[in-house]
Enquirer: 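Take this structure first; my questions come after.
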Amino acid sequence: MAVAGSDAEDRVAVASNWRLVWWRFRRHRLAMISAGLLIFMYLIVLAPDFFSVQDPERTDARQAFIPVQMIHFFDDGSLSPWVPTITGKRHPVTLRMEWVADPARKVGVRFFARGYSYRVLGVFETNVHLIAPADPTQRIFLLGSDRLGRDQWSRIMHGTQTSMTVGLVAVALSVILGVVLGGLSGYVGGKTDQVIQRIIELLQSVPTIPIWLALSAALPRDWTPIQVFFAITVILSLVGWTTLGREVRGRFLALREEDFVLAARLAGCSRMRIILRHMVPTFASHIIATSSLAIPVMIINETSLSFLGLGIRPPAISWGVLLQEAQNIQTLALAPWLLTPGLVVIVAVLAFNLVGDGLRDAADPYSN
Amino acid sequence: MTRYIAQRLLILPFLMVIYSFVIFLIIQAPPGDFLTAYVATLASSGSSISADQIAALRHQYGLDQPFLVQYFLWMQNLLHGDFGLSLEYQRPNADLISEQLGLTLALALFSFVLTWAIAVPAGIYSATHPRSLIDHVLTVINYVGVATPNFMLALILMWMAFAYFDINVTGLYSPEFVDAPWSFARVGDLLFHIWLPGLVLGIAGTARLSRIMRANLLDELNKPYVVTARAKGMREWRLVLRYPVRLAFNPLVSTIGWYLPALFSGSLIVATVMNLPNIGPLLLRALINQDMYLAGGILLIYSFLTIVGTLLSDVLLALIDPRIRVES
Amino acid sequence: MNQETPLLQVRDLRVSFQLDEGVVRAVDGTSFDVMPGQVLGIVGESGCGKSVTMKAILQLVDRPGQIDTGEIKFVRADGEMVDLAKLSARGATIREIRGGEIALIPQEPMASFSPVHTVGDQIIEAILLHSHRWEKDGHKITRRAAREITVGLFRDVGISMPEQRVDAYSWQLSGGLRQRAMIAMALSCKPRLLIADEPTTAIDVTTQAQVLALLRDLQVKYNTAIIFITHDLGVIAQMASYVVVMYLGRVMEQGPVDAIFHAPKHPYTRALLRSIPSMYGQTRVALPVISGTLPHPFNRPPGCAFHPRCADVMPACSVGVPRLLPVGDDQLASCFLHHDEAEPV
């Protein structure tokens, strides 16, 4: 027992910082589950078409507001997934289409089946999908359809690609800005520090959403979705970097006085080497934790902007764009599945927050 | 202390000038000016306007002047309390804004009070009873609260009210009070309706704030002065309220600086979704229709409220924390 | 001396901490007595359980720590004997005893005052909490009177300009003044027992000497019993009349200060004494150190906890835990060199 204990101690003593962070992170069960979920979501980001059932842009006015078709895995006790057929009837008084599921008529569903063809990462072409109707001429709506008869499921997959990427790119930009400017502020000090600090204060006291709205409204109407996408990420990260900048500056200020930095300087290390080899590694894990907590904020902001019609614009699809369809309460009462993108937002943000908290707790392996 | 406040007040106009310039830059940025949008609107409604008339209007609004001149004209008018004329509504912007400003502030302040009234006790309870059932429940609510965008929550609540109870919870008044003059009944009606948007607006802030309070208080509870106070023979709850809570409170006060702006920002979205009489939806319309001076005016008001919020939190912090008070 | 009733009797005290990684037995069967008016020194390396013992006396052990077994018998001012270990940590009795009869001088005077309340405010509060001790003719003490008492206490502990200093914040005072204010607070309710938990570690040597002198004077003046915790043997020699040596939560040896310094019986005490630099020692000779390192709290060695580092280790040492038994006049040691009685398992 005593021997095993000291072995464990030795293992801890020689482990690298990253290994310690990983060991501690592994203990957070919720954070681990969330991390798995996020990895899955980024798989969707890589190939949304693979996870889609049909072309997200395919419209059919006759198939508007089709309710959720529940997937059943077993047919008469044997594994054979199917969804019930939905048949529509026009209500004689309201003239509204009313859809009824008919479990007697089953539409077979296959995994890794062939559907519409698409390109993966713009490289190779395929037509294999995770889920597809056995009969390619049939349309199935796993999460219902919207007012134009587009498949909500497939649109959420494509929205995931946009929204998750916006979050990631905006945070990446914030990190670059924050580390460079915050580092400059903290390491150089003096006038540079003063100027950068004032800029940060100014940006942090800006009423963010109104200014973002105004900035997005200022984007030319004829920009392509890609241009708008990048403009929105830049707008989001314009304020986002300040928190990180502050943190990095604080770390630099504290580290500058540390003995090991002095030792490195006396040993003749260059300034760049001191920063990159000696200072940055001590707080890199904090930066990662802070940025993983910044991504969900970006996602919420993008969703809000797009929801108000001033963010990502159709035909591009993002979670916020999808939620625009749910703006009208009467429509929502008719087709509550239009809120599903919102649930995806909540789950994604929750997962990011849990992972971020787990990382932040794990980032200090020597505390406790 | 007075000197400190005076210093902060002196910076205020300076900041406003910077903000106004940035705002003017932004509202000027869209290609074309608001006359272009106006002409387009007229054209779509069938009427037309001659080139001479456009030129006259352009001159009247100073749109043929260089950027800086336009800015100074705008500033000059602002200093005289003239926010310009709204193109869409054909009314003075100052009137449009002041009609909605009161309720905008009321909603934000209501949310603010609600947030603090819930978050502080919840945070204290969680920190003094860590890992208890209620602590876990509060933690879950907090996580979900932070993860749910304001407008999502508004949508869900409105949808449920409509679909299951057949109530329309949009607006701040019942239909009969919308255009009624102010009376106690109307105030009562307002108080009845402000709850839902207030809660929707405040939920994320409440969640975040109670987490901050919990974390701060947990830190403070481990400080040696708590042991000292215990060793004096104080009652536990009195001790907790008098020492660690007091200290955990200070960082919370400094959050007012960003929380008030966040509330104003957030009220924009919630007000739009819930169709509330608020300057938020007004701004959104103004931005979409390129009603630039209206948008500029509203953005300035937002900035002003933000600066005042920050100022308030700094002064408050100095008032309650002797370490800051004595040094400033 | 032994005929007198001890003010405080600690018997076989055990305190453990339930951590995620395992159980840490911070205090593992500690026993000692404190006589009225006696200055008892407790010495040991950091982590030996001396501070936890003191916290246990005041029922201040924080979660996840808990007192498992043992007795802490204390004679109250009215002559009644209570077992502090059995009292509820939040009950009225322990709150009356805390500050009123047993007071604490904490280790870090800087962090031990709240930074947002004046020091005077915090001392006045202590006086008001035990206001019945100051009652005259049934009248409760007023805040103003409590303030007067505080000013007087400040004068007693040698704080200049006491009227002004009462309204100062702790961070406006120097380290020495802070510790003096702390002592004033501890003395405010005339306690019968004072626990000084390394009161001089956080301050510089000159101030340290002044604070020690002050404590000695006050002890003589009020005849208060003091438990003086330190890792500094020099301080012990100056202050204490009786010494308890602790290692890993157990008492290794205890005895009068002369016996401990001049005739130590336990190898651990001897090793500690050898590691003090002497004025008469040879220069350029490495100071002897105790070999080995303090074991990790989760890996307490079996048998006598000190045996892996002991110079006189015997086979029996790793099997049984030696009992604390008399080895001389008023001197006790737990070591198989002097007896062969082990603790019952």
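Just so it is clear, the structure is predicted and the values come from calculations on it, not from any experiment. So you know, we letter chains A, B, ... as the sequences are listed, proteins then strands, and number each from 1.
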Enquirer: A:Ser174 and A:Trp241: which non-hydrogen atoms are nearest, and at how many Å?
Expert: O-CB, 3.4 Å
Enquirer: Does any heavy atom of chain B fall under 4.5 Å from the side chain of A:Pro210, the backbone, both, or neither of them?
Expert: both
Enquirer: Does anything in residues 320-333 of chain A pair up under salt bridge (Lys or Arg N to Asp or Glu O under 4.0 Å), and if so which pairs, sequence neighbours excluded?
Expert: A:Arg147-A:Glu325, A:Arg150-A:Glu325
Enquirer: Where does B:Met152 contact chain A at under 4.5 Å (heavy atoms): side chain, backbone, both or neither?
Expert: side chain
Enquirer: Which bit of B:Leu155 is near chain A, if near means a heavy-atom gap under 4.5 Å: side chain, backbone, both or neither?
Expert: both
Enquirer: Can you tell me how far CZ of B:Phe24 sits from CE of B:Met292, rounded to the nearest 0.5 angstrom?
Expert: 5.0 Å
Enquirer: For B:Leu287, which atoms come within 4.5 Å of any heavy atom of chain A: side chain, backbone, both, or neither?
Expert: both
Enquirer: Between A:Ile329, A:Leu323, A:Ile300, who has the most heavy-atom pairs with chain B when the cutoff is under 4.5 Å?
Expert: A:Ile329
Enquirer: Check whether the side chains of B:Asn150 and A:Ser304 place a donor and an acceptor atom closer than 3.5 Å, and report yes or no.
Expert: no
Enquirer: With a 4.5 angstrom heavy-atom cut-off, could you sort out which part of B:Ser303 is near chain A: side chain, backbone, both or neither?
Expert: both
Enquirer: Measuring from B:Ile279:CD1 to B:Ser267:OG, what's the distance to the nearest 0.5 Å?
Expert: 7.0 Å
Enquirer: For the candidates B:Phe264, B:Phe162, B:Phe151, B:Tyr19, which exhibits the highest count of non-hydrogen atom pairs separated by less than 4.5 Å from chain A?
Expert: B:Phe151
Enquirer: Please classify the contact of B:Val146 with chain A as side chain, backbone, both or neither, using a heavy-atom distance under 4.5 Å.
Expert: both
Enquirer: Could you look at B:Leu305 and say if it's the side chain, the backbone, both or neither that has a heavy atom under 4.5 Å from chain A?
Expert: neither
Enquirer: Indicate yes or no: does A:Asp357 engage B:Arg211 in a salt bridge with an N to O separation below 4.0 Å.
Expert: yes
Enquirer: At a 4.5 Å cut-off on heavy atoms, which part of B:Ile18 comes close to chain A: side chain, backbone, both, or neither?
Expert: side chain
Enquirer: What option among A:Leu343, A:Leu354, A:Val347 has the most heavy-atom pairs under 4.5 Å with chain B?
Expert: A:Leu354
Enquirer: To the nearest 0.5 Å, how far apart are OG in A:Ser145 and CH2 in A:Trp99?
Expert: 7.5 Å
Enquirer: According to side chain to side chain donor-acceptor pair (under 3.5 Å), who are the partners of B:Thr148, at least two apart in sequence or on a separate chain?
Expert: none
Enquirer: Do the rings of B:Tyr71 and B:Phe67 sit parallel, tilted or perpendicular, given the 30° and 60° boundaries?
Expert: parallel
Enquirer: Under 4.5 Å from any heavy atom of chain A, what part of B:Leu284 do you find: side chain, backbone, both or neither?
Expert: side chain
Enquirer: By a 4.5 Å heavy-atom criterion (distance strictly below it), what part of A:Leu310 contacts chain B: side chain, backbone, both, or neither?
Expert: side chain
Enquirer: Pick whichever of A:Ile209, A:Val297, A:Asn301, A:Val349 has the most heavy-atom pairs under 4.5 Å with chain B.
Expert: A:Ile209
